[in-house]
Amino acid sequence: MTNWSASNSEGAMVSAFEKLARPIQKWVRSKGWRELRQVQADAVHAISDSEADIIVSASTAGGKTEAAFLPLISKVIDEPWDGGGFDILYLGPLKALITDQAMRLEDICREVELPVIPWHGDISSSIKSKAVKAPRGILLITPESLEALFIRRGMQIPRLFKNTRAVVIDELHSVLDSERGVQMRSLLTRLEISVGRQIRRIGLSATLGNMKLASTYLRPGNPEQVKLIETEGGEAELLLQLRGYKTGEKDSERQAVTEEIAAHLFKHLRGSDNLVFAGARQSVEIYADRLRQRCENERLPQEFYAHHASLSREHRDFVEKRLKDGQLPTTAVCTSTLELGIDIGDVACVAQIGAPFSVASLRQRLGRSGRREGQPAILRQYIVEAQLDSRSGFADKLRLGLVRAIAMIELLLEGWCEPPNKAALHLSTLVHQILSLIAERGGAKANRLYRVLCQEGPFRLVSVEIFQDVLRALGDPETGLIEQAGDGLLLLGPTGERLVEHYGFYAVFETPEEFRLIHAGRELGTLPVDNILAPGMLLIFSGRRWVVEEVHDLEKVILVVPASAGTPPAFSGGDPGLIHDVVIKKMFDLLEGSYEPTYLDQTSRSMLAEARNHFERLGMATTPVVYEQDGTYAVATRCGTVKNATLALALGAYGYRVTRYDGFLTVESSDSQPPLLETLNEFASGKPVDLFRRSPNLVFDKFHRFLTPELLRHDARSKRLDTNSLEETTLRLIGNSFVQT
DNA sequence: GACCTGCTGCGGTTTG
């Protein structure tokens with residue numbers, strides 16, 4: 001038999017294995033495991049010996065699920081409680097993940113007769129009503145379905161969860177700072193208030209950038225008490241290459257470069273499983289088309305497939321299955337759809353086309369490769385930059401795409417990644433939770449709403465004044481979301497009723513209306529309605545070429561048949577990404593330094609040299625504001641997106657025309673504006689600026705349309721802008737000497 | 001200057 005030694009570094013006398021319930025020990029043995037992994041053993045001790053909140057942080061396929069559930073299920077078996085209710089609650093961000101995890105848990109629970117209940121939109125209502133009638137076992141649910149439980153069966157929440165011992169939050173890193181994460185934390189607070197006690201929280205996550213902040217997200221009131229369990233080291237060897245390409249402005253020149261990159265991918269990826277992250281859905285379609293064409297031309301079996309959110313579930317399942325099976329070589333050209341979530345097995349290589357938006361996501365993507373013992377992780381980064389001529393723009397000359405890609409890789413190698421931003425108000429989601437909380441109880445007093453959501457829940461930055469303004473906006477007869485009864489009880493108004501009753505209410509994020517694309521009765525996927533399509537038009541979609549046959553406007557359906565040519569459609573633009581200050585700082589280190597990464601190819605190395613030359617010629621290392629030509633200045637702000645946008649908006653309020661780049665602005669001024677340096681000097685002296693003077697668009701999130709302009713400005717200031725940074729940024733730009741003039 | 005994620009109850013029909 002195996003040697004099950006005590007694996008706790010503190011020298012626990014009892015081994016982790018011995019702390020597991022008998023049937024669970026039997027299950028572990030039946031798996032043929034030689035020993036528990038370090039995270040698993042640590043988690044067994046932590047969960048068995050205390051009631052502490054815990055974060056288990058380990059790479060994909062590191063055994064986190066077992067680390068949390070083996071001891072939790074053991075507790076349910078060894079210390080049974082009477083009275084019914086779900087024993088363990090699991091929250092997962094994806095339906096596919098819930099299905100996957102339910103299968104793994106069912107395997108563990110088979111011998112112990114503990115029900116495992118997956119619960120999301122695709123689960124039949126009969127299974128759900130059965131589970132509600134006799135609740136026990138492990139409930140695996142999405143945040144949206146839990147939201148629906150609160151709204152539809154609010155009164156039953158205490159009965160369902162009175163005996164729940166723990167809530168396991170999977171993929172914690174993916175919900176840290178998002179609207180969806182705030183919703184989840186609000187629901188967990190409401191759950192605890194509903195059952196009248198704290199429920200232990202266990203977060204599972206890939207490596208997090210900042211464990212302290214993650215603890216604050218897991219248990220806001222008491223982050224110091226959160227136990228952290230991390231894997232040390234064990235990182236696979238990393239093989240890296242960055243290839244640079246130059247293109248002219250003509251379509252033919254761009255296509256030639258696309259062809260070159262496709263040829264390189266084809267040569268190196270064919271015959272194995274790989275992921276190509278192409279950045280945007282349109283670009284996914286283009287590269288999938290080029291790669292498939294190569295297979296056809298060489299009469300080889302097809303192994304390149306497109307994968308993004310607009311493609312049909314059926315097609316996506318097919319691609320995922322092919323990757324997971326490992327039988328036939330498969331390369332998925334994808335967006336972030338394949339960045340996290342379900343296990344698709346190990347891939348040989350990860351390719352990234354264009355600079356990524358965050359180090360965190362680059363790290364997550366790379367984690368898909370090199371997971372097998374002794375296998376290196378491989379990253380192939382492709383960057384396309386412009387051919388320079390006399391008319392070349394600022395960003396082209398500084399090669400900002402290339403420099404950002406290098407900065408991201410360097411930070412990845414240093415082990416850094418973006419921490420979550422914790423300062424936002426999240427007013428859109430606050431509106432959602434106010435309506436949901438009123439619906440849960442059929443009515444609520446204002447002070448209770450404030451206590452539950454803002455004092456005990458996640459909206460702690462919302463002051464009483466702002467909260468009252470939000471209630472007033474919702475109660476405005478024009479809006480009609482809520483109304484006040486004689487005794488001060490807040491109820492849903494007619495509009496509020498309708499909104500909450502519709503199933504589209506449960507999610508806190510918005511999705512645009514789309515056409516369904518159909519060929520021979522089968523749905524290929526969906527396209528945003530802003531594409532203008534008419535019969536006869538050619539299209540590339542799902543990596544293949546089509547011609548439009550019929551457009552049914554009312555049903556939002558487009559019928560297509562195969563064609564021999566096509567162009568990729570436009571997909572709606574999303575939110576611009578927020579590049580972190582640290583990434584920009586790294587970009588400037590690269591521009592000012594002479595370090596040459598060994599992973600650059602010849603073209604990218606010469607382009608980095610061009611960027612450094614131009615930066616030096618501009619003199620921006622010492623003079624952050626330089627005159628370019630025709631009334632245009634270049635400004636090296638050295639700031640990430642938020643601070644850069646703040647300065648851009650401030651200058652815009654004074655009438656300057658401003659263009660934003662990573663770490664830079666260009667500013668056009670005419671005679672009607674004061675000299676730029678004078679304006680910067682005013683900002684630096686702390687003179688208040690009305691950032692919203694030119695009424696920029698502030699409606700970004702699902703429930704923003706119910707808020708007043710003033711509340712929208714508060715929300716924007718808390719997340720997209722940093723008003724306090726203006727003085728500091730501009731002081732750095734003009735230098736101390738200038739202040740005295 | 002981008003991507004991703006989610007969804008109830010009820011009425012109708014079919015089947016055992």
Side-chain angles (χ1 to χ4, degrees), chain A residues 91-99 119-129 132 141-154 170-171 173-176 178-184 187 277-285 307-311 313 316 333-342 352-358 360-362 364-365 395 400-401 404-405 429 432 436 439 498-512 526 528 570-579 583 640-642 644-645 648 659-664 700-702 720:
Chain A
L91 276 167
L94 306 170
K95 288 187 288 192
L97 190 60
I98 284 178
T99 309
W119 180 309
H120 54 66
D122 299 344
I123 303 288
S124 80
S125 54
S126 61
I127 292 179
K128 290 174 182 168
S129 44
V132 167
I141 196 167
T142 59
E144 287 74 17
S145 283
L146 184 60
E147 182 81 58
L149 264 184
F150 270 93
I151 290 172
R152 305 270 165 190
R153 312 176 206 241
D170 208 351
E171 305 272 15
H173 56 281
S174 75
V175 286
L176 282 184
S178 58
E179 297 299 323
R180 208 169 173 215
V182 172
Q183 171 190 31
M184 208 171 77
L187 291 172
F277 290 95
R281 281 171 286 181
Q282 188 175 46
S283 165
V284 165
E285 290 292 347
H307 192 287
H308 58 72
S310 295
L311 296 175
R313 189 67 250 174
R316 288 169 64 176
V333 186
C334 59
T335 56
S336 50
T337 38
L338 290 177
E339 188 175 302
L340 60 88
I342 60 148
Q352 167 77 36
I353 301 174
F357 284 91
S358 77
S361 107
L362 182 63
Q364 193 76 27
R365 290 171 184 189
L400 290 181
R404 193 173 93 204
T429 302
H432 182 260
S436 169
R498 238 176 298 132
L499 195 69
V500 173
E501 261 168 34
H502 192 270
Y503 65 79
F505 177 74
Y506 308 125
V508 292
F509 52 86
E510 197 151 43
T511 33
T526 57
F571 296 93
S572 308
D575 249 0
L578 303 181
I579 310 284
V583 174
T641 313
V642 169
N644 222 26
T659 312
R660 289 155 47 188
Y661 304 95
D662 289 345
F664 296 90
F700 294 100
D701 296 324
K702 190 174 176 187
R720 291 164 191 279

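Order of the sequence lines sets the chain letters (A, B, ...), proteins ahead of strands, with each chain counted from 1. What you see below is based on every heavy atom in this structure, not just the backbone, and it leaves out hydrogens, waters and symmetry mates.
We find that NE2 of A:H308 is positioned 11 Å from C1' of B:dC3, with the value rounded to whole Å. Following rounding to the nearest Å, A:D662 (CG) and B:dA2 (C1') show an atom-to-atom distance of 13 Å. Between the CG atom of A:L578 and the P atom of B:dA2 there is a distance of 13 Å, given to the nearest Å. Rounding to whole angstrom units, CD of residue A:Q282 and C1' of B:dC3 are separated by 14 Å. Here B:dA2 presents its C1' atom at 17 Å from CD of A:Q364, a figure rounded to the nearest Å. To the nearest angstrom, P of B:dA2 lies 12 Å from CD1 of A:I579. Between A:E285 atom CD and B:dA2 atom C1' the separation is 16 Å, expressed in whole Å. We find that CD of A:E171 is positioned 12 Å from C1' of B:dC4, with the value rounded to whole Å.
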- Task: Please test A:T429 against A:Q183 for side chain to side chain donor-acceptor pair (under 3.5 Å), starting from the C-alpha separation and ending with a verdict.
- Result: CA-CA 7 Å; A:T429 302; A:Q183 171 190 31; over 6 Å; no
- Message: Evaluate A:D122 against A:T99 for side chain to side chain contact (heavy atoms under 4.5 Å, CB included), listing each step before the verdict.
- Response: CA-CA 10 Å; A:D122 299 344; A:T99 309; over 6 Å; no
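Residues satisfying the side chain to side chain donor-acceptor pair (under 3.5 Å) criterion with A:H307, sequence neighbours excluded, are A:E320, A:T337. Residues satisfying the side chain to side chain donor-acceptor pair (under 3.5 Å) criterion with A:T142, sequence neighbours excluded, are A:S145.
Residues A:E144 and A:R180 have side chains in contact (heavy-atom distance under 4.5 Å, counting atoms from C-beta outward). Considering only heavy atoms from C-beta on, A:R660 comes within 4.5 Å of A:T641 through its side chain.
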- Scan nucleotides 5-16 of chain B nucleotide by nucleotide, 5' to 3', and note B when protein non-hydrogen atoms come under 4.0 Å of the base, S if they reach only the sugar-phosphate, - if neither. BBBBS-------
